[in-house]
J.: 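Pasting a structure below so you can have a look.
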Amino acid sequence: ILVETRFPSDPSAKGGGVGLITLHRPKALNALCDALFDDLIHAVMAFDHDEDIGCIVITGSTKAFAAGADISEMSKQEFANVYKKNMFSQWADITKTSKPIIAAVNGFALGGGCELAMMCDILLAGSKAQFGQPEINLGVIPGAGGTQRLIRAVGKSKAMEMVLTGNRISAQEAMDAGLVSKVIDSEILVDEAVKMGFTIAEKSGMAVRMAKEAVNVAEEVSLSEGLRFERRMFHALFATKDQKEGMSAFLEKRKPEFTNE
Ligand code: CO8
């Protein structure tokens, strides 16, 4: 139900590889059953700890990125049980990774599928992608960011419309609303996402990690706290070899050779 592919880089480029994770549960449109989600978390964490990998890409099939949490598994649950085991709380682990994650979304990204995409750092949409929070049609509401991350991405009115009507939006609408950063032809979406992964992976791993952390802090704190955090991260990078290498390479008109230190 999961396919992992490593794209190593030139062995001299430390950390320059890309880890591609493909959700593969075609008979249920990649509905995120417990087993699939456990495998996904495991794969994401393994790539996050892998020194050779600098960026992670998560994708699904051309028909579905993921059609949500698994409805047949959820249908049997009772309040006491889901509350006591804090159902789905482990999904947030995706956001605790230090390396950037690109979601390459083809087809349906619905419910938990849309929420999974929003937990990633960059969203790229295939031209036929569709995003939605249809939980309202099942008598529930989003439970992994559909009422929180979505509003930050697309604003209140669009988020409210999606959450209350359950209607889906197209890739182009998602782009216009600011949910995704690019719409790409479905056929080449994954290749382009991996290519973008390589572009990121060849930078300094220290700077990339701190940039991700600083941008994500902006969603949590006030502007003055965020600016202070950003400036401290900026200062901290002057303690890295990569800052010395990056700036020397510029002045010497050569390509930098980052070592992620
Ligand atoms: N769960 C389980 N099975 C699913 C799901 C799902 N979410 N989505 C699709 N499937 C299954 C179907 O049951 C069907 O199985 P079968 O062939 O055995 O009948 C198979 O996938 C193919 O689906 P369809 O025949 O329905 O395919 P269509 O092309 O006709 O329709 C749709 C595609 C529109 C995507 C349709 O399948 C659909 O509406 N799916 C449900 C979408 C949905 O409601 N998602 C939200 C689920 S609730 C949720 O995600 C809560 C998240 C909370 C997360 C909290 C985390 C902390």
Side-chain angles (χ1 to χ4, degrees), residues 2-5 7 17-24 30 32 36-50 53-61 64-69 88 90-126 129-133 142-154 159 169 171 174-175 177-184 189-201 203 208-209 211-220:
L2 200 65
V3 181
E4 289 165 59
T5 320
F7 294 95
V18 174
L20 172 67
I21 300 171
T22 306
L23 302 169
H24 183 69
N30 292 333
L32 294 151
L36 179 54
F37 203 80
D38 285 351
D39 285 358
L40 173 63
I41 283 280
H42 187 81
V44 167
M45 291 304 163
F47 280 143
D48 199 41
H49 295 133
D50 185 331
I53 297 293
C55 189
I56 301 166
V57 177
I58 301 179
T59 195
S61 66
F65 177 72
F88 298 142
Q90 79 278 19
W91 285 37
D93 288 353
I94 297 275
T95 63
K96 294 182 188 141
T97 52
S98 65
K99 291 173 190 167
I101 308 182
I102 301 173
V105 178
N106 261 325
F108 297 114
L110 303 179
C114 186
E115 292 170 313
L116 169 62
M118 290 191 289
M119 286 178 202
C120 299
D121 300 301
I122 300 174
L123 272 78
L124 302 179
Q130 291 188 45
F131 297 84
Q133 297 292 159
T147 67
Q148 304 299 306
R149 289 197 180 89
L150 187 60
I151 185 174
R152 285 166 167 80
V154 305
I169 60 169
M175 169 80 191
L179 180 61
V180 306
S181 64
K182 270 198 175 82
V183 180
I184 298 170
L189 172 71
V190 177
D191 288 347
E192 290 296 310
V194 169
K195 225 185 267 175
M196 185 182 283
F198 274 118
T199 302
I200 294 169
K203 317 287 184 210
V208 163
R209 282 173 173 81
K212 164 169 166 153
E213 207 177 337
V215 173
N216 282 334
V217 156
E219 300 216 306
E220 309 276 352

J.: My understanding is that only residues two or more places apart in sequence, or in another chain, count here; which of them pass salt bridge (Lys or Arg N to Asp or Glu O under 4.0 Å) with K182?
T.: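 K182 satisfies salt bridge (Lys or Arg N to Asp or Glu O under 4.0 Å) with no residue once adjacent residues are dropped.
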J.: Considering non-hydrogen atoms only, spot the tightest contact between A64 and N30 and give its length.
T.: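 Smallest interatomic distance, heavy atoms only, reads O-ND2, 2.9 Å.
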J.: For N106 and S61, what are the C-alpha separation, side-chain angles and deciding distance, and is it a side chain to side chain contact (heavy atoms under 4.5 Å, CB included)?
T.: CA-CA 6 Å; N106 261 325; S61 66; over 6 Å; no
J.: Could you go through the side chain to side chain contact (heavy atoms under 4.5 Å, CB included) check for I102 and I200 one step at a time?
T.: CA-CA 10 Å; I102 301 173; I200 294 169; 4.3 Å; yes
J.: Counting C-beta onward and ignoring hydrogens, is there a side-chain heavy-atom pair between E192 and L124 closer than 4.5 Å?
T.: no
J.: Residues in salt bridge (Lys or Arg N to Asp or Glu O under 4.0 Å) with D48, at least two apart?
T.: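 With sequence neighbours excluded, D48 shows a salt bridge (Lys or Arg N to Asp or Glu O under 4.0 Å) to no residue whatsoever.
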J.: Kindly compute the distance separating OG1 (T147) from CD (Q133), expressed to the nearest 0.5 Å.
T.: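 CD of Q133 is found 8.5 Å from OG1 of T147.
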J.: How close do C55 and P100 get, heavy atom to heavy atom, and via which atoms?
T.: SG-O, 3.6 Å
J.: Mind listing the side-chain donor-acceptor pairs of residues 107-123 below 3.5 Å, one per line with the distance, residues two or more places apart or on another chain?
T.:
{"from": "E115", "atom 1": "OE2", "to": "G143", "atom 2": "N", "distance (Å)": "3.3"}
{"from": "E115", "atom 1": "OE2", "to": "A144", "atom 2": "N", "distance (Å)": "2.8"}
{"from": "E115", "atom 1": "OE2", "to": "G145", "atom 2": "N", "distance (Å)": "3.2"}
{"from": "E115", "atom 1": "OE2", "to": "G146", "atom 2": "N", "distance (Å)": "2.8"}
{"from": "D121", "atom 1": "OD1", "to": "N216", "atom 2": "ND2", "distance (Å)": "3.4"}
{"from": "D121", "atom 1": "OD2", "to": "I101", "atom 2": "N", "distance (Å)": "2.8"}
{"from": "D121", "atom 1": "OD2", "to": "K212", "atom 2": "NZ", "distance (Å)": "2.7"}

J.: Has K99 got a side-chain atom pairing as donor or acceptor with I56's backbone, closer than 3.5 angstrom?
T.: no
J.: Quick one: list whatever passes salt bridge (Lys or Arg N to Asp or Glu O under 4.0 Å) with D50, sequence neighbours left out.
T.: R6
J.: Could you measure the distance from the OG1 atom of T97 to the NE2 atom of H49? Nearest 0.5 Å is fine.
T.: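 With rounding to 0.5 Å, OG1 (T97) is 9.5 Å from NE2 (H49).
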J.: In Å and rounded to the nearest 0.5 Å, what is the NZ to CZ distance from K203 to R209?
T.: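 Result: 15.5 Å between the selected atoms.
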J.: Applying side chain to side chain contact (heavy atoms under 4.5 Å, CB included), can you list everything that pairs with A174, at least two apart in sequence or on another chain?
T.: F131, I169, L179, V180
J.: Is the closest side-chain heavy-atom distance between R149 and R152 below 4.5 Å?
T.: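 They are not in side-chain contact.
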J.: For residues 37-45, run the donor-acceptor check on the side chains, cut-off 3.5 Å, and write out each pair with its distance to 0.1 Å, sequence neighbours left out.
T.:
none

J.: Between A171 and V183, what is the shortest heavy-atom contact and its length?
T.: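 For A171 and V183, the tightest heavy-atom pair comes out as O-CG2, 3.6 Å.
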J.: To the nearest 0.5 Å, tell me how far L23 CG sits from F65 CZ.
T.: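 One gets 6.0 Å once the value is rounded to the nearest 0.5 Å.
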